[in-house]
2 protein chains.
Amino acid sequence: LGKIIIIANEKGGAGKSTIATHLIIACLKAGKKVCAFDIDNRQQTTTRFMENRRVFNDTHGLSLIFPEFRSIELSKEEEIKARQEEDRERTNSALKAAAQDYELVFVDCPGADTAQARAAHGSADAIITPVNDSFIDFDLLAKIDPVTDEISAPNFYSQMVWEAKKNKAMKERAHLEWFVIRNRLSQIDARNKRRVGEAIEKLSKRIGFTILPGLSERVIFRELFPKGLTIMDLEDVGEANGMSLSNVAARQEIRNLVQFLNL
Amino acid sequence: LGKIIIIANEKGGAGKSTIATHLIIACLKAGKKVCAFDIDNRQQTTTRFMENRRVFNDTHGLSLIFPEFRSIELSKEEEIKARQEEDRERTNSALKAAAQDYELVFVDCPGADTAQARAAHGSADAIITPVNDSFIDFDLLAKIDPVTDEISAPNFYSQMVWEAKKNKAMKERAHLEWFVIRNRLSQIDARNKRRVGEAIEKLSKRIGFTILPGLSERVIFRELFPKGLTIMDLEDVGEANGMSLSNVAARQEIRNLVQFLNL
Ligand SMILES: Nc1ncnc2c1ncn2[C@@H]1O[C@H](COP(=O)(O)OP(=O)(O)OP(=O)(O)O)[C@@H](O)[C@H]1O
Ligand SMILES: Nc1ncnc2c1ncn2[C@@H]1O[C@H](COP(=O)(O)OP(=O)(O)OP(=O)(O)O)[C@@H](O)[C@H]1O
Ligand SMILES: [Mg+2]
Ligand SMILES: [Mg+2]
C-alpha cells in the first residue's frame with residue numbers, strides 16, 4: 001500500500017504548495033510512482049502549477065515527468081453537516097484508492113480549516129508542516145509567554161494534529177508521523193533564527209514531531225512557477241549548466257529533504 | 001466619519017497581519033485616533049499581538065500607545081445562510097459604529113473567504129492588499145498565460161474586490177480605493193522582482209488599483225511579535241539608539257507607506 005503524505009498547516013503562506021510541488025517532482029525524478037492531490041479548491045496553486053507544466057511541456061515539445069494528478073469534487077449538499085460528511089467521505093475514499101496504485105500520494109492542503117483538509121489529516125500516514133522562521137507562524141503551534149519566553153501551551157493546529165494522531169492510533173493501531181520543516185530561512189538573520197529554532201526544538205520534544213532539514217528563502221523556489229518547473233527540472237530543459245551557486249544549493253536542500261524523508 | 005481601511009488578501013501569508021499591526025502603531029504615533037479589528041477569528045494574530053503588547057507594557061511599567069481594540073463575535077446560528085447573514089450584519093454595524101468615534105478603523109482580515117471578511121469588503125472605504133513578490137501570489141489577482149507571459153484574465157480575488165467596488169458605487173455613490181503593496185521584497189532578486197513588478201504595473205492599470213511603496217523582507221518586521229512591538233516603538237523602549245542600518249531602513253519604509261496613504 002502506498003504512503004499518504006499531506007503537506008499541511010492552517011497558517012497561510014507557510015510554503016505548503018511550494019514544498020508539495022518540489023517534493024512531487026523530486027520523487028518522480030527518483031523513479032517513484034507518484035499520485036498528487038490538490039485539495040485547496042479555492043486557490044488551486046498546485047493545480048495551476050501542473051497546468052503551467054503541461055502547457056510549457058507541450059509548447060516546447062519536451063518530455064517532462066508528470067505525476068498522476070487528481071482533485072476531489074466538492075459536495076453540493078445544501079445543509080452544512082451533510083456537506084461536510086460528503087466531503088469527508090469523498091476525500092477518504094479518493095486517498096485510499098490512490099494508495100492502492102501509487103507508492104506515494106502527496107496532498108497539498110489549504111491554509112484554512114475545511115472538511116476535506118480534516119479528512120486528509122485523518123487519512124494521512126504522514127504530515128509535513130512547513131513553518132516560516134517567525135513567531136507569528138509558531139503561534140499556531142504553541143503559545144509563548146511574552147514575559148518568560150517559555151512555551152505555555154500547544155495551540156489549535158498542534159491540537160488538531162494530536163487529535164488525528166490519537167484517532168489513527170486508536171482506530172488503525174498505526175503511527176501518524178508528523179514532520180515540521182522550517183521554510184524561507186534567511187541567510188543573515190542570526191538572533192531571531194536562533195530563538196525560533198530553539199522554540200521549535202523544545203516543542204518537537206514536547207509534542208512529538210520530527211524536524212526536517214529546512215529550506216532557505218531562494219528566488220528559484222518561486223521563480224519557475226509560471227512554467228510549472230522546479231529546480232530539479234532544470235537539467236531536463238537544458239538550463240542546469242552554469243547553475244548559480246544559489247541554485248546548486250537549492251537543489252541540495254531539496255535532495256537533503258527527500259533523503260531525510262527516506263521515501 | 002472615520003475611514004474604514006481593511007488589510008485583505010485571500011492569499012495566506014501575504015503579510016496582512018504584519019502590515020495591519022505596523023500601520024496601526026504608526027498611525028497612533030502620528031497622533032491619530034485608531035480603532036483596530038481582528039476578524040481572523042481562528043488565527044487571531046493581531047489579537048495576540050495586542051495581548052503580547054499589553055503584557056510587555058504592564059510587566060515593564062511602560063506607557064506604550066494602544067488602539068481601541070475590538071473583535072466581532074461570531075454567529076452561533078445552526079443554519080449556514082442564517083449564520084452568514086448574522087455575521088455580515090454584525091460586521092457592518094461594528095465597523096460603522098467604530099467609524100463614528102475613530103478617525104481610522106483598521107481591519108485585519110483572514111486568509112480565507114468568510115462571511116465577516118466579505119462584509120468587511122462591503123463596508124470598507126479602502127482595501128490594502130499585500131502581495132509577496134511571487135507569481136504564486138499574483139495568481140490570485142490574475143492568471144498569466146504560460147506561453148506569452150501576458151495577463152490573460154483577472155482571477156477570483158480581483159473579481160471579489162471588483163464586486164465590492166461596484167456595489168459601493170451603486171449603493172453609496174462612493175469610491176472604494178484599492179491599494180496593492182508588494183511585501184517581503186528581496187534585496188538581491190533582480191529578474192523575478194522585475195517580472196513581478198511589471199505584471200503588477202500592468203494589472204494596476206487594467207483593473208484599477210494604486211501601488212503603494214513596498215516593504216522589504218526584514219527580520220525586524222517579525223522579530224518583535226512576541227513583545228507586541230514594532231520598529232516604530234523602539235524609541236519608546238529605549239532601543240532606538242544605535243539602530244542598525246536595516247532597522248533605520250525598515251522605519252523609513254513604514255513612514256513612506258503612511259505618508260503615501262495620506263491618512
Ligand atoms: N523557500 C522559499 N523561497 C522563496 N519563496 C518561497 C519559499 N517558500 C514559499 N515561497 C513563496 O512564499 C509564498 C507562500 O508560499 P506557498 O504559496 O507555497 O504557501 P502555502 O502554504 O501553500 O500558502 P496557502 O496557505 O495560501 O496555500 C509564495 O509566494 C511562494 O512563492
Ligand atoms: N516584510 C516582512 N519581512 C519579514 N517577515 C515578514 C514580512 N511580512 C510578513 N512576514 C512574515 O511572513 C509570515 C506571514 O505574514 P503574516 O502572518 O503577516 O501574513 P498574513 O497575510 O496575515 O497571513 P494569514 O493569511 O495567515 O493571516 C509571518 O511569519 C510574518 O512574520
Ligand atoms: Mg498553497
Ligand atoms: Mg494574518
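Letters A, B, ... are given to chains in the order of the sequence lines, protein chains preceding strands, and every chain is numbered from 1.
With respect to E150(A) and K202(A), a salt bridge is recorded, a charged nitrogen being found less than 4.0 Å from a carboxylate O. Here D87(B) does not pair with R83(B) in a salt bridge; the nearest charged N to carboxylate O distance is not below 4.0 Å. In summary, E85(B) and R88(B) engage in a salt bridge, as defined by a charged side-chain N under 4.0 Å from a carboxylate O. Looking at E253(A) and R218(A), a side-chain N of the basic residue comes within less than 4.0 Å of a carboxylate O on the acidic one, giving a salt bridge.
When heavy atoms are compared at a cutoff of 4.5 Å, T59(B) approaches chain A solely by way of its side chain, counted from C-beta outward. Of the atoms belonging to K81(B), it is side-chain heavy atoms, and not backbone ones, that fall under 4.5 Å from chain A. At a 4.5 Å heavy-atom cutoff, the contact between T18(B) and chain A is made by side-chain atoms alone. Only the side chain of R48(B) has a heavy atom closer than 4.5 Å to any heavy atom of chain A. Both the backbone and the side chain of E10(B) come within contact range of chain A, judged by heavy atoms closer than 4.5 Å. Heavy atoms closer than 4.5 Å to chain B are found in both the backbone and the side chain of I136(A). Looking at L140(B), the atoms closer than 4.5 Å to chain A (heavy atoms on both sides) all sit in the side chain, from C-beta outward. Residue N132(B) touches chain A through its side chain alone, counting heavy-atom pairs closer than 4.5 Å. Neither the backbone nor the side chain of K16(B) comes within less than 4.5 Å of any heavy atom of chain A. Heavy atoms closer than 4.5 Å to chain A are found in the side chain of D139(B), but not in its backbone. For F225(B), the part sitting under 4.5 Å from any heavy atom of chain A is the side chain, from C-beta outward, and nothing else.
Put simply, of D133(A), D137(A), D149(A), the one with the most heavy-atom pairs under 4.5 Å next to chain B is D133(A). The candidate with the highest count of non-hydrogen atom pairs below 4.5 Å against chain A, out of E79(B), K143(B), H60(B), is K143(B). For the set R191(A), Q44(A), R53(A), the count of heavy-atom pairs under 4.5 angstrom toward chain B peaks at R191(A). Per-residue counts of heavy-atom pairs under 4.5 Å with chain A were compared for E78(B), R195(B), K193(B), R184(B); the largest is that of R184(B). Taking chain A as the reference chain and counting heavy-atom pairs below 4.5 Å, the highest number among K227(B), E223(B), R42(B), Q43(B) is found for R42(B). In terms of heavy-atom pairs under 4.5 angstrom with chain B, the leader among P110(A), A112(A), S17(A), S134(A) is S134(A). When each of N155(B), D113(B), T45(B) is checked for heavy-atom pairs under 4.5 Å with chain A, D113(B) comes out on top.
Remark: aromatic rings of F106(B) and H22(B) are distant, center separation not under 6.0 Å.
Classified by interplanar angle (parallel below 30°, tilted 30° to 60°, perpendicular above 60°), the ring pair F135(B)/F138(B) is perpendicular.
Annotation: R194(B), atom CZ; neighbour count of heavy atoms from other residues, nucleotides and ligands within 6.0 Å is above 12.
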task = Please lay out, stage by stage, how D108(B) and T46(B) fare under the test side-chain hydrogen bond (donor to acceptor under 3.5 Å, both in side chains).
result = CA-CA 7 Å; D108(B) 185 14; T46(B) 294; 2.6 Å; yes
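A donor-acceptor pair is defined here as one N or O able to donate and one able to accept, closer than 3.5 Å; no such pair exists between the side chain of W162(B) and the backbone of Y157(B). D189(B) places no side-chain N or O within 3.5 Å of a backbone atom of S186(B) that could act as its donor or acceptor partner. A donor-acceptor pair under 3.5 Å links the side-chain atoms of Q159(B) to the main chain of P154(B), judged by distance alone.
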